[in-house]
Amino acid sequence: MKKISFALTATLLLAACANGPAPYHGNDYTALPPVRLNVSAILVDNAYLAPNTTPNVDQILSPTPAEALQQAITQHYPQLMTARNNAIEARFTITDASIVQSPLAIPQDWVQRTFSQYPESRYDGHISLEATAAGNQTRRSGFAKVDVTRSLELSSMSESARRAQLDGLVAQMVDDAIQQLDQQVGDNFGSLIYGDGSADMEITPQPSDRWEKMRNWK
């Protein structure tokens with residue numbers, strides 16, 4: 001009877017551990033069509049300073065949220081300079097890329113605590129950044145401001161499994177940030193977008209009917 005009870009307990013423990021959510025897998029921006037900006041430089045500045053102490057955990061991740069976001073930006077928005085005398089820089093400034101851990105109250109009863117899989121920790125992530133484009137042509141400029149928040153609650157699990165979940169949280173925040181950037185770049189950087197990168201584009205002058213109107217005027 002003791003053997004059966006032990007086997008049942010072990011089975012329930014394994015089942016409880018296996019009930020955690022699958023880690024989020026983010027987009028591979030090297031495999032997606034880039035958004036090419038007709039600028040002379042793409043600059044990514046990280047103005048966020050990790051506190052390197054609890055309750056923050058972003059500093060122990062590799063890559064950190066700031067590094068993952070910087071890589072995604074440079075892959076998704078490659079520069080395409082077509083006129084050297086009209087230099088326009090696109091600058092992305094990361095102002096926050098943090099993840100903060102908070103302990104959660106768990107039941108005191110051992111059975112509930114073991115088999116109900118109450119979350120033990122909550123992770124709150126935040127990403128904010130600004131994007132600007134400016135140069136010697138004042139009419140060709142743009143501005144975008146991105147703000148992303150995500151939360152994740154985790155139960156007891158191995159350190160490697162917890163790290164995989166946190167990496168997924170970072171990937172999800174990065175994808176959210178790029179999605180917001182795409183929307184705002186499309187709205188505010190229209191004169192600087194050079195196609196979607198899927199094929200080479202040519203700028204063809206469009207004929208005007210102004211001369212025909214003048215010639216046929218009576």
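Nearest heavy atoms, Asn188 versus Phe143: ND2-O, 2.9 Å. Between Ala97 and Ile127 the shortest heavy-atom distance is CA-CG1, 4.1 Å. When all heavy atoms of Pro78 and Pro34 are compared, the pair lying nearest together is CD-CB, 3.4 Å. When all heavy atoms are compared, the tightest approach of Gln59 to Ala50 is CB-CB, 4.0 Å. Heavy-atom minimum distance, Leu129 versus Ala177: CD2-CB, 4.3 Å.
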- Query: Do Leu80 and Leu37 pass the side-chain contact (heavy atoms from CB on, under 4.5 Å) test, and can you show the C-alpha distance, the side-chain angles, and the key distance before you say yes or no?
  - Reply: CA-CA 6 Å; Leu80 179 67; Leu37 297 179; over 6 Å; no

- Task: Report the C-alpha separation of Ile99 and Leu152 in whole Å, then their side-chain angles, then the decisive distance to 0.1 Å, and conclude whether the side-chain contact (heavy atoms from CB on, under 4.5 Å) test is met.
- Result: CA-CA 10 Å; Ile99 299 179; Leu152 179 67; over 6 Å; no

- Ile94 and Val44: side-chain contact (heavy atoms from CB on, under 4.5 Å), yes or no, with the steps? CA-CA 8 Å; Ile94 301 170; Val44 184; 4.3 Å; yes

- Show your reasoning for whether side-chain contact (heavy atoms from CB on, under 4.5 Å) applies to Val39 and Glu89. CA-CA 6 Å; Val39 296; Glu89 292 182 348; over 6 Å; no

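Counting only heavy atoms from C-beta outward, the side chains of Leu166 and Tyr123 approach each other to under 4.5 Å. Put simply, the side chain of Met157 reaches to within 4.5 Å of the side chain of Gln165, judged on heavy atoms. Counting heavy atoms from C-beta outward, Glu120 and Leu104 have side chains that stay 4.5 Å or more apart.
Thr95 contributes atom OG1, which lies 11.5 Å from atom CG of Leu49 (distance to the nearest 0.5 angstrom). One distance of note links CD of Gln79 with CG of Leu192; it measures 13.0 Å at 0.5 Å rounding. Interatomic distance, CG of Asn46 versus CG of Leu69, reported as 8.5 Å (0.5 Å rounding).
Here salt bridge (Lys or Arg N to Asp or Glu O under 4.0 Å) pairs that include residues 37-60, with residues two or more places apart or in two chains, are Asp45-Arg91. The list of salt bridge (Lys or Arg N to Asp or Glu O under 4.0 Å) pairs with a residue in residues 142-158, not counting sequence neighbours, reads Arg122-Glu153, Glu130-Lys145, Arg150-Asp176. Legend: salt bridge (Lys or Arg N to Asp or Glu O under 4.0 Å) pairs involving residues 156-171, not counting sequence neighbours: none detected.
Remark: side-chain polar atoms of Thr64 are not paired, donor with acceptor, to backbone N or O of Ile60 under 3.5 angstrom. Ser40 contributes a side-chain N or O that, together with a main-chain N or O of Ile88, makes up a donor-acceptor pair within less than 3.5 Å. At least one donor-acceptor pair closer than 3.5 Å links the side chain of Asp175 to the backbone N or O of Asn27. In terms of modelled atom types and a separation under 3.5 Å, the side chain of Ser121 and the main chain of Leu154 share no donor-acceptor contact.
Under the 4.5 Å side-chain heavy-atom criterion for grouping Ile, Leu, Val, Met, Phe, Trp and Tyr, Leu43 is not connected to Ile73 through any hydrophobic cluster. In the hydrophobic clustering of ILVMFWY residues, with side-chain heavy atoms under 4.5 Å counting as a link, Leu169 and Val100 come out apart.
With sequence neighbours excluded, the residues that form a side chain to side chain contact (heavy atoms under 4.5 Å, CB included) with Ala131 are Phe92, Ala144, Leu181, Phe189. Applying the side chain to side chain contact (heavy atoms under 4.5 Å, CB included) rule to Asp187 yields the partners Gln183; only residues at least two apart in sequence or on another chain are considered. Judged as a salt bridge (charged side-chain N to carboxylate O under 4.0 Å, His left out), and not counting sequence neighbours, Asp182 has no contacts.
A donor and an acceptor atom, one from each side chain of Tyr24 and Gln172, are nowhere located under 3.5 Å apart.
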